[in-house]
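A short write-up of the structure that comes next.
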2 protein chains.
Amino acid sequence: MQTVRNDTYNFETPVLCQSCAARHQGICGALNPEQLLELTKSTRRVRKQAGEELMADAMPISSYANVLRGVIKLSKVLEDGRQQVVGLQFAPDLLGRPFAAESRVTAEAASEVDLCIIPKPALESLLTQSAALEHRVMMQALRELDEARDWMVTLGRKSAAEKVASFLYLIATHIDPTDREPETSFDLPLSRADIGDFLGLTIETVSRQMSKLKADGVVEIVNYRHVSVPDLARLRLRCG
Amino acid sequence: MQTVRNDTYNFETPVLCQSCAARHQGICGALNPEQLLELTKSTRRVRKQAGEELMADAMPISSYANVLRGVIKLSKVLEDGRQQVVGLQFAPDLLGRPFAAESRVTAEAASEVDLCIIPKPALESLLTQSAALEHRVMMQALRELDEARDWMVTLGRKSAAEKVASFLYLIATHIDPTDREPETSFDLPLSRADIGDFLGLTIETVSRQMSKLKADGVVEIVNYRHVSVPDLARLRLRCG
DNA sequence: CGTGGCGTTGAGAAGGATCAACTTACGTGG
DNA sequence: CCACGTAAGTTGATCCTTCTCAACGCCACG
């Protein structure tokens, strides 16, 4: 039998975490087995159906969550009901604004999702202990900021056709977190209405532009929710 | 004579920092006098004129900078020249994306600005030493993310009239970093062209909406670059 | 007294929104 | 298994907001 070594490998990776999407790429990658084991005492896995609300704008946050599978839709609404989707989160992102008392967005499961719920105090105490963890969380925030700014260009300066192409390109390159290569055939995680709210367009305009891309042979619409992109470079050209 | 105490107050706040806008509110607020003194060995103050480029998109970053006075414009351009302003930075923000090898945006002085230039290695070594500093930087990134998402709603879902009102409201509430109260009379840090690029509108549309707000008595246009808002609540109502 | 940069105003064109009809997919219950 | 109902998506016609193009005003500067 191997002697017990006095280092971080005293502890083994918890069984639940061994096959977890967030174990290495997500924030848990910054934790050693000991910390991970401690954290798992207060976490729990849940499955949410598409459409379920996970967090409401201006409501207190009681927990964070690692996205393990599926897509989360982040949105904001104006008083009169106009809605804007301000971001999508894919595995292995952390859901929830760190250190904020209340949410600044509404979070909703866009597809069926698996989450690893982490109580707010559990994560926050770990954050103050581990600079490596806080660093990971900061790097995610910075990446989200870059993505938000990229999308501002799409919202402010692109035509409807370019917007829809940009959306399809985004999904093709983000839908599978395990795969480094973009997908050529995938399910859309959003309805036409949500796509419109993401792009600042109406459902009708989204639909027309999708039909146009199909007519031009840039995408195939297998099913309303499933598209296939034979040549990603050609789609990229349509993004403006 | 007081005995020297073995704590952080062994060191005095550097003279240059004593009257600095970033000393308490900005990232330097996370540093003790010792760290601050060490940092000032490699920093230098510079003044930049409106229009000077501080950082180019996709170019290597050699330094960060604290904004001490004035407004920085962050923008992105598409290949064909279409431009989008993706954010404004006011004192005492930190300019420059932490830990990134190259910039993801173009940064330009919108007004005359004073900066405290910090070499990249100097800040980054401090960041790895001080969890408190990294925490501040993360909090700024999270605030910027919130602001970017708020602006996405403006870009995606508001009318031209609401966009221009939102811009004026943003400036009124951000232009003076020392003042808790919004300003009722202020200089616009952006030209009409830049305002258009911030709002995803043309110069002409910005101009027409400004004239309309003036005709409706919501704002007074003292000078092209100086406006006065007698009733901020009325302006707020126009923001949608 | 030009000249050029910046801003405003007007007329016409165009892109996307709105309103409305129709299609497709899918679940439910007879 | 099919009739029905409903939700989601598509397509067409028309309207309206914003863009485009053009002329003009203001002001600083040589």
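All values below were derived from every heavy atom in this structure, side-chain atoms included, with hydrogens, water molecules and symmetry-related copies excluded. Below, read A as the first sequence line, B as the second, and so on, with proteins coming before strands; counting in each chain starts at 1.
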Presence of salt bridge, A:K48 and A:E108, under 4.0 angstrom: no
Minimum heavy-atom distance between A:L188 and A:I195, given as atom pair plus value: CD1-CD1, 4.3 Å
Whole-Å distance separating the NZ atom of B:K163 from the C1' atom of D:dC19: 12 Å
CZ on A:R143 to CZ on B:R97, rounded to 0.5 Å: 9.0 Å
Heavy-atom pair of closest approach, residues B:H24 and B:R136: O-NH1, 2.9 Å
Donor-acceptor pair between A:T106 and A:K76 side chains, under 3.5 angstrom: no
Where chain A begins and ends its contact with DNA chain C, read 5' to 3' at 4.0 Å from heavy atoms: C:dG16 to C:dA25
Rounded distance (Å) that lies between atom P of D:dC27 and atom CG of B:N223: 9 Å
Which atom of A:L145 lies closest to which atom of B:A141, heavy atoms considered: CD2-O, 4.3 Å
Test item: side-chain donor near acceptor, A:T40 and A:T43, under 3.5 Å: no
Neighbour count above 12 (heavy atom, 6.0 Å) for A:K120 NZ: yes
Nucleotides 4-12 of chain D: protein proximity per nucleotide (B base, S sugar-phosphate only, - neither; heavy atom, under 4.0 Å): -----SBBB
Sugar-phosphate, base or nothing in reach of A:G196, heavy atoms under 4.0 Å: nothing
